[in-house]
Every structure is written in structure tokens, then in C-alpha cells.
Amino acid sequence: MYIPERVLTNHDLEQFVETSDEWIVSRTGIRERRLATSADTTVSMAASASRQALRVAGVDPTDVELLILATDTPDKLMPSSASVLQHELGITRAGAFDLDAACAGFVYALSVGTQFVRAGVYRTVLVVGADALTRYIDFTDRGTCILFGDGAGAVVLQASDAHEGVLSTVLGSDGRGAPHLYVDGIRPAEVPNGAVDSVPLPHMKMNGAEVFKFAVKVMGEAAVEAIDRAGLTLADIDLFIPHQANLRIIDASARRLELPREKVFVNLDRYGNTSAASIPMCIAEAAECGRLQPGMNVVLVGFGAGLSWAANVVRWGATGIGQGE
Ligand code: UT7
């Protein structure tokens with residue numbers, strides 16, 4: 001994983017919007033978040049996380065056959081950030097594309113990558129989640145500016161004969177909810193008769209209450225469906241890694257699933273909502289601190305703009321941070 005150096009605490013936010021550390025912590029669980037600096041781009045953050053993932057997996061960049069970058073903040077509209085990332089990493093023999101399913105993007109990308117491995121098309125796939133959503137935040141809007149942070153995380157998928165890796169997949173989308181969370185495209189209002197000056201980046205708009213209701217419902221449902229498709233029961237689940245948007249959403253989902261707190265991974269207090277990066281950042285930290293052990297059954301659930309959602313049950317393999325080195 002990679003996180004930018006710049007820290008924005010709740011107390012910092014108190015200086016420029018009407019909010020308080022107490023409100024933010026009690027309503028969201030977030031204490032601080034990281035903001036991309038001028039040196040950070042989606043590609044640079046993704047590259048840093050990817051290099052670490054490749055090193056831990058012991059995979060040479062030239063062995064990667066497919067690169068999927070989940071992001072909704074690509075550095076450019078074209079080419080894809082995945083193409084630029086591919087070159088940056090020295091990956092020379094791979095297909096590469098961006099995948100946008102907002103905060104559900106990483107689980108979507110992991111699901112897509114898995115299908116290529118399962119089908120025997122590719123043996124080594126790099127899956128990355130990276131976002132710099134704070135670039136699209138209106139820092140006078142207290143309903144959104146307190147929530148988001150920037151970062152990246154990456155995993156390497158490899159073909160294996162063992163019964164491990166991604167065991168099941170659930171993907172969902174309900175476009176009726178699109179107006180609840182969006183960032184407009186950049187489009188100059190008038191073009192004829194002269195140049196259009198640089199257009200400011202649009203800001204994220206969110207109906208927090210609607211997204212909240214949707215998230216609580218879908219997290220539990222998607223998790224149960226994924227567990228069922230994997231042929232497991234809730235009792236078989238060792239760790240729940242939900243998208244890190246709001247601690248109240250995570251707690252409500254865990255209660256619905258009757259999962260004890262120690263089986264739920266949370267790091268949003270330090271990073272806020274990092275969109276497509278949140279789940280791979282959790283995976284990296286969980287593996288690093290020993291909460292992910294070989295053979296464990298893990299549920300990943302993402303949700304976000306779309307409205308979209310995705311879940312996987314993963315059996316953690318023998319190679320990874322904490323195991324490989
Ligand atoms: O990846 C998906 C991304 N999005 C989400 O996951 C968002 C999901 N939604 C949420 O996390 C929550 O809805 C929020 C954290 C955004 C808002 O929390 P809430 O408990 O739903 O608050 P609310 O919107 O119902 O607002 C309650 C009050 C309002 O004041 P009044 O009208 O009761 O006087 C808000 O104006 O809290 C006020 N408020 C704040 N006060 C202090 C809203 N934001 C803030 C703030 N500081 N930052």
C-alpha cells in the first residue's frame with residue numbers, strides 16, 4: 001500500500017469548515033486522512049503500492065500478463081492510467097486497463113482478474129486500487145470534505161492448484177442511485193468563437209443519508225450471497241474487510257452479520273474513505289500485522305457511486321506479507 005505524507009486531521013478541518021473532531025469521530029469514526037501532495041498522482045501512488053506487491057510476491061514486472069487499475073480518479077481522461085502505470089513499472093508484456101466502479105472498484109477488479117486466471121488465459125495478474133478523490137472535494141462542504149482521503153493498494157494474483165484465492169464473486173449495480181453520489185465530467189460550457197480557459201475540476205456531490213441507507217443494506221446482503229456462493233457459512237468467516245466509508249456503516253453491517261468486532265478490520269480512523277484503495281490498503285495492513293493468516297476465509301465488500309457494490313470470499317494463500325518475507 002501507499003499513503004501520501006500529508007496528514008489532514010479533524011482539528012485541521014475545524015479551521016476551515018463548521019465541524020468538530022467530536023462530530024466527525026462520533027458520526028464517522030474518522031480521525032485523520034492523507035491528502036495527495038503535488039508530487040502524488042494516481043499513477044505514482046499506484047506504482048508505489050504495485051512495486052511493493054510485486055516484491056512481496058517475488059514476481060518480476062516482466063512476468064505480469066494483465067494489469068487492472070481500479071480508479072475513479074485517473075490522471076488523464078486518456079490514455080488510461082493503467083497504460084502509464086504499466087510503463088512506469090517496467091511491465092512489458094501485459095494488457096492494461098482502468099476499471100471504474102468507484103469505491104467498489106477494487107473488488108470488481110479482483111473479480112475480473114480472477115476470471116482470467118480461472119479460465120487459464122493468464123497466470124499472473126496485477127490488481128491495483130488507487131484514488132485521489134480529495135482533488136474533487138469541495139473543502140467548504142462539510143458533508144463530504146471530512147470523509148475522504150487518498151491512497152493506493154495492490155495485490156498480485158497467480159494461478160495455483162490449491163483451493164485458495166478468490167472463492168466467490170458478487171457484483172451489483174443500481175443506476176437509479178446515480179444522482180446520490182457523483183462528480184460531473186469536465187465540459188467547457190461554450191466553445192465557438194475563441195479559446196476556453198482551463199476549466200476548474202468539478203466537485204463531488206453526495207446525498208449522504210441515501211448512500212448510508214444503501215450501504216448498510218447492501219453490505220450485509222452482498223456478504224451473505226458471496227459466502228453462500230463459496231459454499232461456506234458465516235461461522236467459517238475469519239475476517240470481514242469492508243469498504244472503509246463510515247464506522248457506523250461497518251458496525252451496522254457487522255451486527256446484521258452477527259460478526260464479533262475482532263473479526264472486522266477497520267483502519268478508516270487513520271485514512272478516511274480512500275475509495276478504490278480502501279480494501280487493498282486493509283488487506284496490506286491486515287497481512288502485515290498478522291490478522292490475515294494462510295487458510296483464513298476473508299469477506300471483502302465494496303460499495304459506492306453507481307450505486308454499485310461487489311463482494312468476494314477469499315481464502316488467503318500461503319504467500320504474502322507476513323508469510324513471504
Ligand atoms: O464510498 C461511499 C461514500 N459515501 C458514504 O459512505 C457516505 C455515507 N453517509 C455518511 O457517512 C453520513 O450520512 C454522513 C457522515 C455523510 C453524514 O452523517 P449523518 O449522521 O447522516 O448526518 P446528517 O447528514 O443526517 O446530518 C445531521 C446534522 C445536520 O445538521 P441539522 O440539519 O440536523 O442541523 C448536518 O448539517 O449534522 C450536520 N452535519 C455536520 N455537522 C458537523 C453534516 N456534516 C457535518 C459536519 N460537522 N462535518
Side-chain angles (χ1 to χ4, degrees), residues 8-34 70-73 99-109 129-153 172-175 177-183 203-220 222-223 241-254 266-269 271-282 300-311:
L8 185 73
T9 66
N10 292 348
H11 294 296
D12 295 332
L13 283 161
E14 285 172 356
Q15 309 304 311
F16 48 90
V17 277
E18 205 184 322
T19 192
S20 65
D21 176 57
E22 192 278 328
W23 193 96
I24 302 171
V25 172
S26 63
R27 297 296 185 108
T28 71
I30 300 166
R31 293 180 185 279
E32 60 184 44
R33 66 290 290 143
R34 300 299 181 104
T71 185
D72 54 8
T73 56
L99 184 155
D100 180 1
C103 301
F106 177 78
V107 183
Y108 259 79
D131 265 314
L133 257 184
T134 64
R135 299 231 157 99
Y136 297 88
I137 294 298
D138 173 359
F139 276 95
T140 65
D141 174 9
R142 67 180 182 173
T144 53
C145 74
I146 57 154
L147 295 174
F148 295 91
D150 303 324
S173 173
D174 182 354
H180 296 322
L181 181 52
Y182 65 92
V183 180
H203 286 143
M204 174 192 287
K205 305 280 186 216
M206 184 177 77
N207 180 339
E210 285 298 328
V211 178
F212 192 101
K213 274 189 284 179
F214 151 77
V216 171
K217 180 169 178 291
V218 86
M219 289 258 270
I241 301 188
H243 171 47
Q244 307 283 304
N246 184 319
L247 189 57
R248 284 158 55 218
I249 296 175
I250 294 173
D251 282 345
S253 312
V266 173
N267 65 10
L268 58 62
D269 49 319
Y271 307 129
N273 179 345
T274 55
S275 192
S278 83
I279 288 179
M281 283 169 56
C282 286
L300 313 176
V301 189
F303 67 88
L307 297 170
S308 59
W309 63 96

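For ligands, and for the atoms within them, numbers begin at 1 and follow the listed sequence.
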- Passing candidate, side-chain hydrogen bond (donor to acceptor under 3.5 Å, both in side chains) with S275, options T71, D131, D150, T134: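 So the option named by the test is D131.
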Within the 4.0 Å heavy-atom shell around [X], which atoms of ligand 1 are there?
X	result
A245	6 (O)
I146	48 (N)
T28	15 (C)
G143	16 (C)
E18	42 (C), 47 (N)

Heavy-atom protein contact below 4.0 Å for [atom]:
atom	result
atom 1 (O) of ligand 1	yes
atom 4 (N) of ligand 1	yes
atom 36 (O) of ligand 1	yes
atom 32 (O) of ligand 1	no
atom 14 (C) of ligand 1	no
atom 48 (N) of ligand 1	yes
atom 21 (O) of ligand 1	no

- Query: Counting heavy atoms only, which of W23, F303, F148 is nearest atom 17 (C) of ligand 1?
  - Reply: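 Checking each option, the heavy atom nearest atom 17 (C) of ligand 1 is found in W23.
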- Best match, R27, E14, M206, R142: closest heavy atom to atom 30 (O) of ligand 1: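 Heavy atom nearest to atom 30 (O) of ligand 1 belongs to R142.
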If we set the cut-off at 4.0 Å for heavy atoms, which region of [X] has an atom near ligand 1: side chain, backbone, both, or neither?
X	result
T19	both
H243	side chain
C103	side chain
V17	neither

Grab the two heavy atoms, one from [X] and one from [Y], that are nearest each other, plus how far apart they are.
X	Y	result
W309	A222	CD1-CB, 3.9 Å
L307	G177	CG-O, 3.6 Å
N267	Q244	N-OE1, 2.9 Å

- Message: I want to know if ligand 1 touches N273 in the polar sense, i.e. an N/O pair below 3.5 angstrom.
- Response: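 Between N273 and ligand 1 (N or O atoms, distance only) the closest approach is under 3.5 Å.
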- Item | Polar contact flag for G208 and ligand 1 (N/O pairs, less than 3.5 Å) |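 By distance alone, the answer is yes.
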- R33 side chain to I146 main-chain N or O, any donor-acceptor pair under 3.5 Å?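 Yes: the side chain of R33 pairs with the backbone of I146.
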- Query: Between N246 and T28, is any side-chain donor less than 3.5 angstrom from a side-chain acceptor?
  - Reply: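 No.
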- Hey, does A209 sit under 4.0 Å from ligand 1 if you only count heavy atoms?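 Contact present.
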- Closer than 4.0 angstrom: is that true for some heavy atom of I24 and an atom of ligand 1?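 Not so, I24 does not reach ligand 1.
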- Task: Could you find the nearest protein heavy atom to atom 11 (O) of ligand 1 and give me its residue, atom name and distance?
- Result: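 For atom 11 (O) of ligand 1, the nearest protein heavy atom is N246 ND2, 2.8 Å.
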